[in-house]
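One structure is given below, encoded as structure tokens.
These numbers come from the heavy atoms of this one structure, side chains and all, not from hydrogens, waters or symmetry mates.
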Amino acid sequence: MASIDTDPRPLSPHLSVWRFTPAMLASITHRGTGVALYGGTLFLAIWLIAAAAGPEAFARVQGLYGSPIGLAALFGWTWAVLFHMMNGINHLFRDTGRNFDPAGAQRVAVGQYVVATLLAVAVFAIGFSIKGGAA
């Protein structure tokens, strides 16, 4: 195997070569939200296990998840799910040959953040209006 010094193949350019764009940020965020979805799914599993374990266990977990920190984590997980979904829809459109032009890719990337945030706020607003609060 050739060493890096003697290998004639070009190296991938470093991030400092590229101008940071919304599409680049969306790509990085997509990977981060994928990781966050694992953590959120673990919390969902804990909630379901607590529900199956009985009222006391469920009340403890529900109290934790209904706390300000728990609600912030739940909002973050909801946003991650929605952003990941928006990026998946973007990739479905790209499979048809759309949004490959730089300006379109940047607009769609910004739109993903906006739509994911608005939908996450809407989910929480609907949830709070149905429940009547976090308690």
Side-chain angles (χ1 to χ4, degrees):
M1 181 168 179
S3 75
I4 292 175
D5 297 330
T6 61
D7 194 349
R9 295 178 297 170
L11 298 175
S12 179
H14 190 268
L15 287 175
S16 64
V17 173
W18 299 101
R19 183 175 54 90
F20 201 76
T21 65
M24 183 187 295
L25 182 62
S27 177
I28 294 166
T29 304
H30 181 76
R31 287 163 176 79
T33 57
V35 172
L37 295 180
Y38 281 104
T41 303
L42 176 64
F43 284 118
L44 177 62
I46 291 168
W47 184 74
L48 292 171
I49 291 166
E56 289 180 17
F58 184 72
R60 280 194 305 270
V61 171
Q62 191 72 1
L64 176 64
Y65 289 6
S67 72
I69 292 174
L71 289 171
L74 183 58
F75 183 84
W77 184 67
T78 302
W79 185 87
V81 167
L82 293 167
F83 183 87
H84 211 76
M85 181 180 72
M86 292 297 110
N87 204 45
I89 291 169
N90 178 31
H91 280 279
L92 286 174
F93 277 102
R94 283 179 174 237
D95 288 344
T96 67
R98 294 183 180 106
N99 297 329
F100 276 109
D101 63 294
Q106 303 317 319
R107 276 192 313 273
V108 169
V110 170
Q112 288 172 205
Y113 285 96
V114 171
V115 171
T117 302
L118 291 175
L119 287 175
V121 168
V123 166
F124 265 64
I126 291 167
F128 276 101
S129 70
I130 290 170
K131 178 140 176 73

Practice item. To the nearest 0.5 angstrom, please state how far the CG atom of Leu74 sits from the CD1 atom of Ile69. Key: 13.5 Å
Practice item. Give a yes or no on whether Phe100 atom CZ has more than 12 heavy-atom contacts from other residues, nucleotides or ligands under 6.0 Å away. Key: yes
Review point. Given Ile89 and Met85, is the side-chain contact (heavy atoms from CB on, under 4.5 Å) satisfied, shown in steps?
Key: CA-CA 6 Å; Ile89 291 169; Met85 181 180 72; 4.2 Å; yes
Check your understanding: Any sub-3.5 Å donor-acceptor pair from Ser27's side-chain atoms to Ala23's backbone N or O?
Key -> no
Review point. Phe124 pairs by ring pair (Phe, Tyr, Trp, His ring centres under 6.0 Å) with which of Phe75, Trp77, Trp79?
Key: Phe75
Study note, to complete from the structure: Separation between CG (Asn87) and CZ (Arg94), nearest 0.5 Å, reads 8.5 Å
**Study point:** Leu92 with Val115, same ILVMFWY side-chain cluster at under 4.5 Å
**Key:** no
Study note, to complete from the structure: So CE of Met24 and CD of Gln106: to nearest 0.5 Å the spacing works out to 9.0 Å
Practice item. Would you indicate whether Leu42, at its atom CG, is surrounded by more than 12 heavy atoms from other residues, nucleotides or ligands within a distance under 6.0 Å? Key: yes
Review point. Are Leu37 and Phe43 grouped together when hydrophobic residues (ILVMFWY) are joined by side-chain heavy atoms under 4.5 angstrom apart?
Key: yes
Check your understanding: More than 12 non-hydrogen atoms from neighbouring residues, nucleotides or ligands closer than 6.0 Å to CZ on Arg31, yes or no?
Key -> no
Exercise for review: Spell out, yes or no, whether Leu48 and Ile46 are grouped together once hydrophobic residues are joined by side-chain heavy atoms under 4.5 Å, including indirect joins.
Suggested key: yes
Exercise for review: State whether the number of non-hydrogen atoms from other residues, nucleotides or ligands found under 6.0 Å of Tyr113 atom OH is greater than 12.
Suggested key: yes
Practice item. List the steps and the verdict of side-chain contact (heavy atoms from CB on, under 4.5 Å) for Ile28 and Phe20. Key: CA-CA 11 Å; Ile28 294 166; Phe20 201 76; 4.1 Å; yes
Exercise for review: Verify, without hydrogens or angle tests, whether Gln112 (side chain) and Phe83 (backbone) share a donor-acceptor contact under 3.5 angstrom.
Suggested key: no
**Study point:** Co-membership, hydrophobic cluster, residues Val61 and Leu71, 4.5 Å side-chain
**Key:** yes
Exercise for review: Treating Ile, Leu, Val, Met, Phe, Trp and Tyr as nodes and any side-chain heavy-atom pair under 4.5 angstrom as an edge, say whether Phe128 and Val81 lie in one connected cluster.
Suggested key: yes
